[in-house]
Amino acid sequence: MNEMSETKRVAIVTGAESGIGRGIAHRLAKDGFTVVVNDVNIDKAKEVEQEILQTSGTHMAMAVQGDVSKREDVFSLVEQTVKAFGCVDVYVSNAGIAQVNPIFDITPEELEKIFSINVFGTVYGLQAAGEQMKKQGGGKIINAASIAAHKGASLLSAYSATKFAIRGLTQSAAQEFAPYGITVNAYCPGIVGTDMWDYLDEKLAPYMKVDKGGAFKAFVDGIALGRSETPEDVASFVSYLASSDSDYMTGQSVIIDGGMTYS
Ligand code: NAD
């Protein structure tokens, strides 16, 4: 992508203190964006802010605490960004959680929690960023879906349901927001070695009758390209979605999984 053309653009990345979000924040900073690093965990978000300031020279960065499941936090995140940097060109709704449970065992509290963060948080991002981008005359909203948005997996039903919902939201918002010059797309990673997969590995192990690391390995063994995905693999694709090279693309939830799920 053309770094110069993106120099003064502003991107917000939610859930960016670790994992895929941190990778995206770093990549967008490298691409020349001013990056707002959101997370519920402000201390670690500030560390990412400092890493960005140190590694990307003069580029600006700011950490903002906020829980994406709270509508007021998401609107405040956009407001604070506009106050500090003037606009929001790119909004990456990356924050998300996973759960492992047989369907018979899912509790109402667990359902509420995962839908509040993954689905409600994505809707609030569309509303808050969409409203700002409409005023500006355009922008790009990028949602975190998953291979689980294309194919349901055993024991991951609630997670998969939230990711299918995000794919639906991405398609609907793309059509509603197109008249305002806003594109809406999603990235669908496969098996990325983050804290989320540490959790999945631990929770899936007893069901799969494997030791620590065994569930992760079993999934990675099914990848055609022969290795697990890195946050940088995901961030490269998000970099494209955030750039003008993707201007004619909207409403898509694209799988980037090294060859696991074929659509
Ligand atoms: P992670 O657990 O490593 O990181 C998620 C981040 O989101 C954390 O920093 C966490 O503090 C933050 N967060 C959680 N709840 C939040 C909230 N309510 N408000 C703000 N921040 C919050 O996860 P990851 O693997 O980096 O995943 C990032 C996104 O990518 C998620 O949406 C996930 O569903 C999706 N994804 C991950 C994988 C994978 O293999 N890891 C695969 C497909 C999709």
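Atoms within each ligand, like the ligands themselves, are counted from 1 in listed order. From a predicted model like this one, the values you see are computed outputs, not experimental measurements.
- With a 4.0 Å heavy-atom cut-off, ligand 1 is reached by the backbone of Val192 and by its side chain too.
- At least one side-chain heavy atom of Thr14 sits under 4.5 Å from a side-chain heavy atom of Leu77.
- Here the straight-line distance linking atom CD1 of Ile255 with atom CZ of Phe237 works out to 10.5 Å at 0.5 Å rounding.
- The proximity of Pro231 to ligand 1, defined as any non-hydrogen pair under 4.0 Å, does not occur for either the backbone or the side chain.
- Under the 4.0 angstrom criterion for non-hydrogen atoms, Lys163 is in contact with ligand 1.
- If you take CD on Glu229 and CZ on Phe219, they are separated by 14.0 Å, rounding to the nearest 0.5 Å.
- Checked by atom type and distance alone, the side chain of Asp201 pairs as donor or acceptor with a backbone atom of Phe216 at under 3.5 Å.
- Within ligand 1, counting atoms from 1 as listed, the ones closer than 4.0 Å to a heavy atom of Thr194 are 3 (O), 24 (P), 25 (O), 26 (O), 41 (N).
- Nearest-heavy-atom check against atom 16 (C) of ligand 1 across Leu200, Val40, Asn38 picks out Val40.
- Note on ligand 1: Asp39 sits in its first shell, one or more heavy atoms being nearer than 4.0 Å.
- Taking every heavy atom of Asp67 and a limit of under 4.0 angstrom, the matching atoms of ligand 1 come to 17 (C), 18 (N), 19 (N).
- Residue Asn41 places no heavy atom under 4.0 Å from ligand 1.
- Checking only distances, Ile20 does come within under 3.5 Å of ligand 1, N or O to N or O.
- Using 4.0 Å as the threshold, Gly66 has a heavy atom nearer than that to some atom of ligand 1.
- Ser246 and Lys140 share a side-chain donor-acceptor pair at under 3.5 Å.
- Taking only nitrogen or oxygen atoms, main chain and side chain alike, Gly190 reaches within less than 3.5 Å of ligand 1.
- Only the backbone of Ile191 comes within 4.0 Å of ligand 1, judged by heavy-atom distances.
- Close approach of ligand 1 to Ser18 (heavy-atom distance below 4.0 Å) involves ligand atoms 3 (O), 4 (O), 8 (C), 9 (O).
- Atom 14 (C) of ligand 1 has Ile97 CG2, 4.1 Å as its closest protein atom, hydrogens excluded (heavy atom only).
- The heavy atom nearest to atom 44 (C) of ligand 1, out of those in Ala95, Ala145, Gly121, is found in Ala145.
- Ionic pairing of Glu17 and Lys46 is not present here: no N-O contact between side-chain nitrogen and carboxylate oxygen is shorter than 4.0 angstrom.
- Residues Gln80 and Ser76 have side chains that bring a donor and an acceptor to within less than 3.5 angstrom of each other.
- With a heavy-atom cut-off of 4.0 Å, Lys44 does not touch ligand 1 at all.
- Proximity of Tyr199 to ligand 1, defined as any heavy-atom pair under 4.0 Å, is not found for any part of the residue.
- In this model, no donor atom of one side chain and acceptor atom of the other lie less than 3.5 Å apart for Asn143 and Thr122.
- Looking at Arg22 and Asp39, no side-chain N of the basic residue comes within less than 4.0 Å of a carboxylate O on the acidic one, giving no salt bridge.
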